[in-house]
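Down below is the structure, laid out as structure tokens.
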Amino acid sequence: MKPSTIRIGRRYRSNRLEGPYDTIVIGSGPGGMAAAVCLSKAGQKVLVLEQHYTAGGFSHSYSRNGYEWDVGVHYVGDVGNPKTMAGALFGYLTDGELQWSPMADNYDRFYLGEDQYDLIRGKDAFRKQMVQYFPDETDAIDQYLSLLKQVSNAMPAFSARKLLPGWMNKVMRLAGKGKLPSFFNEPTVDVLSRLTSNKKLIAVLTGQWGDNGLPPEQSSFMVHALIARHYMFGGYYPIGGASRIAETMIPQIQASGGELFTYAEVAEILIENGRAVGVKMKDGTDIRAQRVISNAGVFNTFSRLLPESTARATGYLDKLNQVTPSMTHLGMYIGIADTAENLDLPKTNFWIYQDEHHGQNVDRFLKDSNHPFPVVYISFPSAKDASWDERYPNRATIEIVAPAKYEWFEQWKDETWGKRGEDYDALKEGFSERLLEVLYEKLPQLRGKVDYYELSTPLSTDFFCFYKKGEIYGLSHDPNRFNQHWLKPKTDIAGLYLTGQDVMTAGVVGAAMSGLMTAGSVLGLVGGWKMLKQVQSWKPEQQKPLTVVSENREEETEEAV
């Protein structure tokens, strides 16, 4: 396979550094980029270092054989209206350059065996549709919607706990302030089982569980509620593809003298006298700054980047034993030489299940991969992107995601990408054929029309996104994870901060919100408050034209992988 030709960012060379820098950010996912932009807008000179050949983390795109796919941005909620916090935040981060295409009003469709259930945008429409499916469960549905709102209302208090000093949190608890609902962090299925005994209704309400990587028996209700409410007012897709997220943020970083470098692998966080003072690059170059923000995930940060003596002395190695990596997955990328319109591809996501027993089906599959997939998620990016037909005429793309187990592929972990051998390729091909059959079952008109496809495994996730076990959502989103008070922006190591999905939650908006929180933690109470007010008051007419400096040299393309 030829490497992707999409390049967002400038290639790292030690002689291109123009320090001194105020802040170094490790990783260019939405959390790292958001933190970098917010600090840049506050006047700091920020350097973002990305080990991949293109910026974006799980929000990057890649192209091959005349097609383009995203790897993680299948849809985003709450961004279509600049008056929402998510809409205002992305307007602020990109100066309004990032635009969004709305999906169909029916943004998600669940198949439970032979039964079909559609989620319709808008709270009233959502309720009406659910009541139509389950007319005897009206009270349970209304109670469910109330619980979603209560979780949403409690999120400022939950977020404040990650930002305020420990003594202030204690004072607030003693004063009875910021109390969270009793059900806030219970297992999702436990909360819903108190509302109804209808297993199918619970299965439908939790049909988006793949968005956090845990079936409802294991996930925190807080995360379930945030996701359900996040998409209740519709799904959106970035116009121009997922790579536009990073591409439209880079100019804000450059405007204050900062930069984003790709091919920039950090070997170690530099610690002097107990304080983070910069990073050592893989090529041996030391880059110094007043502080370091890690968007590489807590496992990478504390077990791979931080000196072991520091990680052990500060207790972070022990703390890592209290959390677990999230799910791993198979990602299938399909290209068809025709238009989405001709192929009748929808602007609706498909979630395909065997039946309503989510947890049991996951357990059965992970024990034996010959069992049916517990969930198959199908997305149609070429139908969602308003600019697609102009950029890729007579082309259409489909993306499929399904759970997987790292151990199925572990024996090839030390082999070179693209050259892991016939046995590995055969294993991938077996999964590919099974996933294609699931696709053809729902869209039989596609049989015989697929022009190109490829499959990624957890080893691909590790190679491209630097997650050792191939996890796609950072930490597992179970109740235990959200009881870990050390998962916050400011670490116990002076000058070292965290951002990204491990700080808040998975997803583009969740990660970007963590970046906002991390920047606020760096800027302090007054600076953070000022920044928050600027975000909340952002309006579309405030956008400014900026041009991204990015390299896409043909001679570098072959070095990409």
Side-chain angles (χ1 to χ4, degrees), residues 74-81 83-87 100-113 115-155 181 183-184 188-189 191-212 215-216 219-237 346-353 356 358 375 377-380 383-384 477 505-510:
H74 300 117
Y75 63 149
V76 181
D78 279 340
V79 291
N81 184 349
K83 294 182 180 180
T84 66
M85 185 60 190
W100 303 90
S101 292
M103 293 172 60
D105 286 347
N106 170 202
Y107 53 94
D108 272 332
R109 174 170 296 161
F110 306 141
Y111 293 94
L112 272 62
D115 298 331
Q116 175 183 315
Y117 300 90
D118 292 336
L119 299 188
I120 309 299
R121 65 176 295 170
K123 179 181 175 181
D124 292 340
F126 176 94
R127 178 188 181 278
K128 181 179 179 181
Q129 191 72 41
M130 288 298 109
V131 170
Q132 182 176 329
Y133 292 137
F134 303 97
D136 298 330
E137 298 288 343
T138 302
D139 289 345
I141 293 167
D142 288 338
Q143 291 179 61
Y144 170 74
L145 292 172
S146 175
L147 294 184
L148 298 189
K149 185 175 182 180
Q150 291 179 59
V151 169
S152 178
N153 291 341
M155 282 307 296
F183 56 84
F184 187 82
T188 301
V189 78
V191 177
L192 298 185
S193 294
R194 293 198 292 267
L195 304 182
T196 178
S197 59
N198 190 318
K199 302 297 185 183
K200 188 159 284 190
L201 172 59
I202 292 175
V204 172
L205 294 178
T206 59
Q208 296 164 314
W209 67 260
D211 284 334
N212 71 73
S219 65
S220 166
F221 182 73
M222 180 266 281
V223 171
H224 163 80
L226 289 180
I227 291 172
R229 192 169 172 87
H230 178 67
Y231 291 115
M232 191 167 289
F233 297 95
Y236 296 84
Y237 191 81
K347 297 181 181 181
T348 301
N349 303 317
F350 288 2
W351 300 80
I352 302 168
Y353 301 97
E356 66 269 28
H358 295 320
V375 57
Y377 169 86
I378 306 179
S379 173
F380 308 93
K384 300 176 187 178
H477 285 55
T505 66
V508 174
V509 173

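Fair warning: this is a prediction, and the values are worked out from it, not measured in the lab. Residues take their numbers from the sequence shown, with the count starting at 1.
In this structure, Phe183 and Gln150 have side chains that are in contact, with non-hydrogen atoms separated by less than 4.5 Å. Side-chain atoms of Leu195 and Leu147, non-hydrogen and from C-beta on, do get closer than 4.5 Å to each other. Side-chain contact between Lys384 and Ser379 is present, with at least one heavy-atom pair separated by less than 4.5 Å. Looking at Asp108 and Met103, their side chains never come closer than 4.5 Å, going by heavy atoms from C-beta outward. Looking at heavy atoms from C-beta onward, Leu201 lies out of side-chain contact with Glu356 at the 4.5 angstrom threshold. No side-chain heavy atom of Trp351 sits under 4.5 Å from any side-chain heavy atom of Ile378. Contact of the Thr188 side chain with the Met222 side chain is not registered, since no non-hydrogen atoms from C-beta on lie closer than 4.5 Å. Counting heavy atoms from C-beta on, the side chains of Leu192 and Tyr144 come closer than 4.5 Å.
Listed by chain and number, the residues in a side-chain hydrogen bond (donor to acceptor under 3.5 Å, both in side chains) with Asp142 are Arg127 (sequence neighbours excluded). Taking the side-chain hydrogen bond (donor to acceptor under 3.5 Å, both in side chains) definition, one finds that Tyr237 meets it with Asp70, sequence neighbours left out.
Two rings, from Phe350 and Tyr111, have their centers less than 6.0 Å apart. The ring of Phe380 has its center no closer than 6.0 angstrom to the ring center of His74. A ring-centre distance under 6.0 Å is found for Phe134 and Tyr117. If you look at Phe221 and Phe184, their ring centroids are not closer than 6.0 Å.
A donor-acceptor pair is defined here as one N or O able to donate and one able to accept, closer than 3.5 Å; no such pair exists between the side chain of Arg121 and the backbone of Gly234. A distance-only check finds a donor-acceptor pair linking the side chain of Thr348 to the backbone of Asn106 [under 3.5 Å]. Checking side-chain atoms of His224 against main-chain N and O of Trp209 turns up no donor-acceptor pair under 3.5 Å. Checked by atom type and distance alone, the side chain of Thr84 pairs as donor or acceptor with a backbone atom of Asp78 at under 3.5 Å. Judged by distance alone, with hydrogens and angles left aside, the side-chain atoms of His358 form a donor-acceptor pair with the main-chain N or O of Ala203 at under 3.5 Å. Formation of a donor-acceptor pair under 3.5 Å by the Ser193 side chain with backbone atoms of Val189 is found in this model.
Note that the CZ atom of Arg109 and the CG atom of Asp118 stand 4.5 Å from one another [nearest 0.5 Å]. How far CD1 of Ile141 is from CD of Gln129: 10.5 Å, rounded to the nearest 0.5 Å. Here the straight-line distance linking atom NZ of Lys123 with atom CG of Leu148 works out to 8.5 Å at 0.5 Å rounding. One finds the NZ atom of Lys149 at 10.5 Å from the CG atom of Leu145 (value rounded to the nearest 0.5 Å). Between the CG atom in Leu119 and the CZ atom in Phe126 there is a gap of 5.5 Å [rounded to 0.5 Å]. Rounding to the nearest 0.5 Å places NZ of Lys199 at 14.0 Å from CG of Leu112.
In terms of heavy-atom proximity, Pro181 sits nearest to Ala154 at CD-CB, 3.6 Å. Contact between Tyr107 and Gln208 at its shortest, heavy atoms only, is CE1-NE2, 3.9 Å.
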*Asn212 vs Thr505, side chain to side chain contact (heavy atoms under 4.5 Å, CB included): CA-CA, chis, key distance, verdict*: CA-CA 8 Å; Asn212 71 73; Thr505 66; over 6 Å; no

*Given side chain to side chain contact (heavy atoms under 4.5 Å, CB included), test Val76 with Trp100 step by step and report yes or no.*
CA-CA 9 Å; Val76 181; Trp100 303 90; 3.9 Å; yes

_Criterion side chain to side chain contact (heavy atoms under 4.5 Å, CB included) on Met130 and Leu205, from CA distance to verdict_ = CA-CA 9 Å; Met130 288 298 109; Leu205 294 178; 4.1 Å; yes

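A donor-acceptor contact closer than 3.5 angstrom is absent between the side chains of Ser101 and Lys347.
Ion pair Lys200/Asp115 flagged as a salt bridge, since at least one NZ, NE, NH1 or NH2 atom sits closer than 4.0 Å to an Asp/Glu carboxylate oxygen.
Between Tyr231 and Tyr75, the ring planes lie parallel to each other; the angle is under 30°, not in the 30° to 60° tilted range.
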